[in-house]
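Letters A, B, ... are given to chains in the order of the sequence lines, protein chains preceding strands, and every chain is numbered from 1.
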Amino acid sequence: MHHWNCKLYIYISEMKQASAFCLNTALRSYLKSGNPSLALNHYLEASHKHGVTPDKFTIPSLLKLFLHLRYPVKRGESLQSFSLKNGFLYDLFIATGLIEFYLKHAASDSAHKLFVEMPKRDVVLFTAMICGLSENGFRKAALDLFFEMKEERIEPTAMTIAAVFSIISQCKNIDLGRMLHGFCLRKGFLNKEDAVLQTSLMDMYGKCGNLVYANNVFDKITERNLVSWNSIINAYVSHGSLYLALKLFQEMIFQGWLRPKTSTFTSILNACGLTTDLLKGRELHAYITKCIDADYTEFDKLVLCNALIDMYFKTGDCDSAQTFFDEMQMKNVVTWTTMISGQGSHGLTRRALETFHRMIASGIKPDRVAFVAILTACNHGGLVKEGRQIFDSMENEFNVSPEMIHYVCMVDLYSRRGLLEEAHILIKDMPFEPSKEIWGALLSCCRSYRNVQLGEYAAKMALELDKFDAGTYVLLSRLYVESGRLEEFSKVRLAMQQLGLRPIRAFSWVEIKNKVYKFTVGERFNESSKEMYEFLESVSLKMEEAGIQRDVSNVGHDFSKREKVGALCGHTEKLALAFAMVKFGSMKNLRIGKNLRVCIDCHEVFKFVSLVYEKEIVLKDPNRYHRFIRGHCTCNDFW
DNA sequence: GTTCTTAAAA
């Protein structure tokens, strides 16, 4: 391609005379060859030599070039005034190009201004505007525009609908999605072999949480490309069907005959990390190493390395993550952030702080995500002073304005240490209105420290922001129960029921030899149930003999002490542990996961089992990893 | 000649 362009260049530069038409054609072919700076240089040289000025066919190509060369907004603006002077600003091709250029630079105002000035608008212009608006986060405006099209009687094309599906998958409006699906069927848009629309439709269903529909669409795509596969894999991952996602990845290679690329690998490494399956992770690592060739850019490789570090942390192999990190030549802010959050999630708080300071020393400026990572790490370690210092440095030293999420970290940091008043003061002093997550963080710790008064207030504020958040009711009711306020407890439960809200059901899983076993509360349907409960009882007995206190505050009030301990045996993480111990007692390492925070009593039991049965157990909850070795946990009993 | 789908870290 490049070679051919050289010939074209020689041809044009040797011409005695060249028309604007001729140069435009040359410019477009350069554009296709993917070397924008060369294209621009050659064009400028030739147009200068032949004394040719850009005409209305040149501008769109120039805009494309400027976009590729990451030229600033100003360059687009000068092309706009040039077009205005020459009387072709309202040409649809030029306006579309300008609007695309502006929206890629987040200059939505300039784009919008031009858009409303246009005397005539067509479907392409609308589509470009819809796309750009949604990329800039103006989903509502983009959807409004789509309906405005209808009023102006402009028919959407498959491209328009694909863009709208992408918006729908962000705002999760599945009803609108189904409606448009019907529209596509009526128009025959889905009969074409073009995979783009089908993929965007499938992606929409996946993102809206309907895996069945996503699958149906996927089955009908005839020409599946990398994006289609990636999309369906991500749908399985977000649904939690991790091993099926890994299976799809293999199908893609062996049945789809496609060579995976960086984005596929990052999705699949993410899936692998979520399974906490280290063996699978190592296998993937080896495979990826084999696949990397000259087609991969340096940036691709960096992205892959970052995803690999993340995978090693998530599968519990902190040493491999560290070694791999140390050996990396090129590191960006994501590399460091991945490292910090990985160390944080495994309770290596001091190491995370070290990494954070090494990052700064190496000349990389922390961004908003890096701050979330380090503040979260401080949370897990309960390092209030260090966390506060870093929080203050955000604005003062690094010019990063704290956002809601950083405040959530700080409120959490204070409250977890029982500094509830300090947390409350911070909330009062916030420069914007606190979100329900802020109140939720405070409420959750009011529960741990049994501060009914502040807890009630936090719950009230959270419910004002979202009356239908089941989590708030659950936390408040637990606060009441654990503080002995049974009447209030019943009231909250009743209020919940009347709103038709149900608490999230707890479940745990254990993954042994490539199979996942899932457990829900008090489950007794399993063939091994009897042995499992016997095991848990014997552990209880041994703990009693060892004089270990059980934390029963979690259980309902109208039980005897013995019954309470019995009820605790129904906790899902204990069931997963018991199952693994009964069925696979010889395994030295166990990996268990839970969808909610681990309870105090279960944590004690895990520690005890790791000591008495000489096991190493990794327990993953939604926030972090616990690693139990010889009666201790890496979280130091603070989580 | 202009518009479209997926995408690493919290």
Side-chain angles (χ1 to χ4, degrees), chain A residues 21 24-25 27-28 31-32 56-61 63-64 91-101 103 122-132 134-135 156-167 169 189 194-204 206-207 217 221 224-235 261-270 273 299-311 313-314 332-342 344-345 367-377 379 403 405-406 408-409 622-624:
Chain A
F21 171 79
N24 289 341
T25 313
L27 186 57
R28 272 198 302 278
L31 247 173
K32 276 192 198 148
K56 70 173 189 176
F57 296 99
T58 325
I59 308 296
S61 301
L63 281 164
K64 270 257 141 50
D91 176 274
L92 279 168
F93 288 90
I94 291 177
T96 305
L98 278 167
I99 279 175
E100 192 197 2
F101 182 86
L103 287 166
D122 69 350
V123 60
V124 181
L125 186 72
F126 263 102
T127 306
M129 192 71 191
I130 289 171
C131 247
S134 87
E135 269 169 25
T157 63
M159 284 188 182
T160 322
I161 304 290
V164 176
F165 279 144
S166 156
I167 302 170
S169 49
F189 284 167
D194 163 39
V196 172
L197 182 63
Q198 288 165 313
T199 300
S200 69
L201 173 65
M202 173 193 76
D203 191 60
M204 182 275 293
K207 291 241 167 71
V217 179
I221 304 180
R224 294 169 186 161
N225 58 25
L226 268 182
V227 179
S228 326
W229 282 97
N230 225 358
S231 223
I232 191 73
I233 288 174
N234 284 330
K261 285 212 294 210
T262 309
S263 51
T264 324
F265 285 137
T266 51
S267 306
I268 212 67
L269 282 170
N270 179 32
F299 186 70
D300 280 327
K301 289 181 207 162
L302 181 60
V303 168
L304 282 176
C305 289
N306 293 346
L308 279 166
I309 294 181
D310 185 52
M311 179 277 291
F313 274 121
K314 286 188 173 152
N332 67 357
V333 68
V334 178
T335 321
W336 290 94
T337 306
T338 309
M339 205 59 200
I340 293 165
S341 71
S345 68
D367 63 2
R368 49 185 294 279
V369 186
F371 280 111
V372 174
I374 188 64
L375 290 176
T376 310
N379 270 352
E403 294 166 35
I405 186 152
H406 302 106
V408 174
C409 288
N623 298 320
R624 62 171 299 147

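With sequence neighbours excluded, the residues that form a side-chain hydrogen bond (donor to acceptor under 3.5 Å, both in side chains) with A/Ser228 are A/Thr199, A/Asn225. By the side-chain hydrogen bond (donor to acceptor under 3.5 Å, both in side chains) test, A/Asp300 pairs with A/Thr262, A/Thr297, sequence neighbours left out. In this view, A/Thr96 satisfies the side-chain hydrogen bond (donor to acceptor under 3.5 Å, both in side chains) rule with no residue, not counting sequence neighbours. The side-chain hydrogen bond (donor to acceptor under 3.5 Å, both in side chains) test applied to A/Lys261 returns no partner, not counting sequence neighbours. Among residues two or more places apart in sequence or in another chain, the salt bridge (Lys or Arg N to Asp or Glu O under 4.0 Å) test is passed with A/Arg28 by none.
Heavy-atom contacts of chain A under 4.0 Å fall on DNA chain B between two terminal nucleotides, which in 5' to 3' order are B/dG1 to B/dA10.
Counting any heavy atom pair closer than 4.0 Å across all strands shown, A/Thr127 reaches a base atom. Here A/Thr266 lies in heavy-atom contact (under 4.0 Å) with sugar-phosphate atoms only. Here A/Thr199 lies in heavy-atom contact (under 4.0 Å) with a base. Here A/Lys261 lies out of heavy-atom contact (under 4.0 Å) with every strand. The residue A/Lys207 sits close only to the backbone: its heavy atoms come under 4.0 Å of sugar-phosphate atoms, none of a base. A/Asp310 comes within 4.0 angstrom of sugar-phosphate atoms only, judged by non-hydrogen atoms across all strands, and of no base.
Of the inter-residue distances, the one linking A/Thr335 atom OG1 with A/Leu302 atom CG reads 4.5 Å to the nearest 0.5 angstrom.
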